[in-house]
Asks: 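Pasting in a structure now, in structure tokens, and then I'll have a few things to ask.
All chains are named by letter (A, B, ...) in the order of the sequence lines, taking the proteins before the strands, and each is independently numbered beginning at 1.
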Amino acid sequence: MSTEEQKNNHSDPSPAVELNDQMKRRLEERTHLAEAGINPYPYKFDVTAFSSSIVASFVDDTPENVSVAGRIMTIRKMGKASFLHIQDCQGRIQIYLKRDDVGEDAYNAFKLLDIGDIVGVSGYSFRTKTGEVSVHAQQFELLSKSLRPIPVAKEKEVDGEKVVFDAFSDREMRYRQRYVDLIVNPEVRETFIRRTNVVSFIRRYFSSNGWLEVETPILQPIYGGAAARPFTTHHNALDMQLYLRIANELYLKRLIVGGFDGVFEFAKDFRNEGIDRFHNPEFTQVELYVAYKDYIWMMELVENLLHEACLEVNKRDTTTFLGNEINLKPPFRRLTISDSIREYTGRDIRDKSEAQLRDIAKDLGLELDPKISSGKIIDEIFGEFVEPRLIQPTFITDYPEEMSPLAKKHRSEPGLVERFELIVGGKELCNSFSELNDPVIQRERLESQAKLRQRGDDEAMIVDEDFLRALEYGMPPCAGLGIGIDRMVMLLTGQDSIRDVIFFPHLKPE
RNA sequence: GAGAAUAUAGCUCAGUUGGUUAGAGCAUCUGCCUUUUAAGCAGAGGGUCGAAGGUUCGAGUCCUUCUAUUCUCACCA
């Protein structure tokens with residue numbers, strides 16, 4: 001609603017929306033009910049049973065007394081008796097309503113109800129002629145009058161398969177009115193339940209290892225921990241600029257300095273970048289830091305976590321993602337970034353100068369921004385020729401130092417750091433390193449980032465003096481991990497768009 | 001940020017080469033129907049064709065601009 005409409009709303013009590021005939025009728029009905037002494041929005045209803053449970057417990061066709069509540073999804077009136085389906089948290093159940101059972105007044109009142117209204121029904125379970133377990137209503141009560149018609153999709157069973165006709169499918173409206181999407185498209189509801197299950201699973205997995213779930217600042221005076229452009233905001237009382245975090249890495253490491261052996265946080269992060277089906281301006285990452293461990297150890301953890309999460313939500317170790325069958329059974333393939341580039345392009349990028357790398361990229365047909373340096377050039381080659389072709393889960397390891405200012409230098413390969421990314425379906429899913437804990441080198445790295453910034457790289461990191469001070473007190477050796485939760489949920493639920501795993505994805509205002 | 005596609009009833013969609021009063025199914029309303037299930041039968045109402053301009057005797061249809069969404073590309077996880 002625009003500001004103008006809101007103003008109008010204040011001076012004029014009538015709704016600002018243009019009413020269609022169906023809404024007018026329902027609004028009138030609401031008034032009639034009130035006039036007849038029936039509260040269209042009563043306070044409570046004692047629910048004793050839910051749809052699927054009623055069906056499940058109808059063994060030996062023994063009737064049970066039940067009170068169910070839910071939204072009316074279908075109505076079939078046959079004169080003096082009617083069938084309807086109501087939908088509750090578990091699914092749908094059919095209600096049978098007969099005039100001679102509920103009485104003439106009640107039956108007439110029922111006839112005024114609409115699809116979309118929420119009702120409470122008391123009666124007993126039974127099986128209809130056609131075999132559907134249903135509730136034979138003895139009493140019913142309106143619990144909430146619905147004023148807007150919901151998009152009704154008809155369903156039919158064909159060979160045991162459910163066929164839906166004219167489903168509510170306009171993507172824009174589904175995202176803008178997710179509540180309607182959730183009412184009428186059960187698979188959407190299912191996807192989000194699985195999302196929650198994935199998050200709960202990770203939380204249990206981490207907690208059971210003794211690691212502590214923590215919360216760190218979202219509003220940060222200095223943003224860091226990733227290469228990205230931030231959202232800025234302003235604190236009035238302090239009159240200072242603040243940033244919405246792009247990562248929580250630097251705060252979690254401060255906690256490792258503080259003596260926790262393992263900490264993790266499910267973090268909403270914010271990045272001021274483009275929007276597409278893999279990127280939403282706010283997204284969720286879980287970051288984990290474990291003291292006395294390295295990135296090799298972390299790879300094993302990721303393999304097991306992903307595999308078990310897949311078993312948990314899919315009951316098997318494969319999933320379909322972006323048209324590919326993905327097998328998440330460990331072990332995953334491990335490949336250094338230079339080996340991967342050699343495998344997919346035939347070029348050797350090891351021990352090459354910036355000029356040589358630029359030549360290789362040019363030779364491969366890549367057009368590069370002249371400002372970018374060797375690390376970024378390698379990243380470009382990888383992103384263009386390798387990453388999209390890594391469909392099955394693959395750990396890419398041992399990145400150039402320059403691309404990874406927070407990672408520890410490789411124990412045996414000069415110029416590289418101990419880092420891995422997990423690529424699945426051609427997309428990055430995790431990022432991890434043996435964390436750099438030498439405060440002197442960390443300072444050098446951040447200062448060279450600052451130089452890159454001056455060169456025009458607006459994603460390069462900023463020197464965070466307090467973070468360096470923390471490292472100077474001493475941080476134990478430590479392995480860190482970040483998992484993109486939205487993408488992990490996409491992978492495990494087979495969704496092709498991040499908008500289908502975020503309840504309210506960002507859209508421009510209507 | 002660039003390109004392409006889409007926008008017609010509450011929902012899902014037709015609408016030919018520019019030509020009478022813009023159609024269908026579901027939903028809604030009226031009547032009939034006491035085990036139906038995409039219930040059925042008979043009838044009725046419902047539209048600023050995304051917005052604003054323009055061309056034309058005449059625009060849902062052609063042109064321009066704008067808005068939103070979707071897809072692709074660029075940046076990014």
Asks: With heavy atoms under 4.0 Å as the rule, sort A/Lys427 into base, sugar-phosphate or nothing.
Replies: nothing
Asks: With respect to the side chain of A/Lys98, which nucleotide from B/U34, B/U12, B/G10 is positioned closest?
Replies: B/U34
Asks: Which nucleotide, if any, forms a Watson-Crick or G-U wobble pair with B/C33, using both distances under 3.5 Å?
Replies: none
Asks: I want to check a possible cation-pi pair here: A/Arg419 against A/Tyr399, using under 6.0 Å from ring centre and within 45° of the ring axis as the test.
Replies: yes
Asks: Going 5' to 3' through nucleotides 65-72 of chain B, assign each nucleotide B (protein heavy atom under 4.0 Å from a base atom), S (under 4.0 Å only from sugar-phosphate atoms) or - (no protein heavy atom that close).
Replies: ---SSSSS
Asks: More 5' along RNA chain B: A/Arg99 or A/Asp486, using each one's nearest nucleotide?
Replies: A/Arg99
Asks: Indicate whether OP1 or OP2 belonging to B/U35 is found under 4.0 Å from a side-chain N or O atom of A/Lys129.
Replies: no
Asks: Give A/Gln22 one of three labels, base, sugar-phosphate or nothing, depending on what nucleic acid heavy atoms sit under 4.0 Å from its own.
Replies: base
Asks: Between B/C29, B/C11, B/G25, which nucleotide gets closest to the side-chain atoms of A/Pro151?
Replies: B/C11
Asks: Near RNA chain B, which residues from residues 63-76 of chain A have a heavy atom under 4.0 Å away?
Replies: A/Arg76
Asks: Quiz question: by atom type and distance under 3.5 Å, do the side chains of A/Asn248 and A/Tyr289 form a donor-acceptor pair?
Replies: no
Asks: Tell me whether A/Phe278 and B/A77 count as stacked here, given that the ring centres must be under 5.5 Å apart and the planes must differ by less than 30 degrees.
Replies: no
Asks: I'd like to know if A/Arg499 and A/Asp276 make a salt bridge, using a cut-off of under 4.0 Å between side-chain N and carboxylate O.
Replies: no
Asks: Indicate, with yes or no, if the rings of A/Phe385 and A/Tyr344 have centres closer together than 6.0 Å.
Replies: no
Asks: Can you tell me if A/Arg487 and A/Gln285 form a side-chain donor-acceptor pair at under 3.5 Å?
Replies: no
Asks: Does any donor atom in the side chain of A/Glu132 or A/His85 lie under 3.5 Å from an acceptor atom in the other side chain?
Replies: yes
Asks: Angle class for the A/Tyr96/A/Phe126 ring planes (parallel below 30°, perpendicular above 60°, tilted otherwise)?
Replies: tilted
Asks: Reckon A/Lys80 has a side-chain N or O less than 4.0 Å from the OP1 or OP2 of B/C33?
Replies: yes
Asks: Hunt down the Watson-Crick or G-U wobble partner of B/A22, both distances under 3.5 Å, from any strand shown, or write none.
Replies: none
Asks: Between B/A51 and B/A59, how far apart are the two P atoms, rounded to whole Å?
Replies: 15 Å
Asks: Pairing check on B/A68: which nucleotide meets the Watson-Crick or G-U wobble criteria with it, both distances under 3.5 Å?
Replies: B/U6
Asks: If you check the A/Asp21 side chain, which of B/G46, B/U36, B/C29 turns out closest?
Replies: B/G46
Asks: What distance, rounded to whole Å, do you find between the two C1' atoms, one in B/C49 and one in B/U61?
Replies: 10 Å
Asks: Which nucleotide, if any, forms a Watson-Crick or G-U wobble pair with B/A14, using both distances under 3.5 Å?
Replies: none
Asks: If we ignore angles and hydrogens, is there a donor and acceptor under 3.5 Å between the side chains of A/Tyr251 and A/Glu249?
Replies: no
Asks: Give none if B/A74 has no partner; otherwise give the nucleotide forming a Watson-Crick or G-U wobble pair with it, both distances under 3.5 Å.
Replies: none
Asks: So, do A/Phe165 and B/G25 meet the stacking rule of ring centres under 5.5 Å and planes under 30°?
Replies: no
Asks: OP1 or OP2 of B/C29 sitting under 4.0 Å from any side-chain N/O of A/Arg25?
Replies: yes
Asks: Centre-to-centre under 6.0 Å for A/Phe395 and A/Phe420, is that the case here?
Replies: yes
Asks: State the pairing partner of B/U61; accept Watson-Crick or G-U wobble contacts with both distances under 3.5 Å, and report none otherwise.
Replies: none
Asks: Do A/Arg334 and A/Glu303 sit within salt-bridge range, that is, some charged N less than 4.0 Å from a carboxylate O?
Replies: yes
Asks: Paired with B/U28 by Watson-Crick or G-U wobble geometry, both distances under 3.5 Å: which nucleotide is it?
Replies: B/A44
Asks: Taking for each residue the nucleotide of RNA chain B with the nearest heavy atom, is it A/Glu384 or A/Glu282 whose nucleotide lies nearer the 5' end?
Replies: A/Glu384
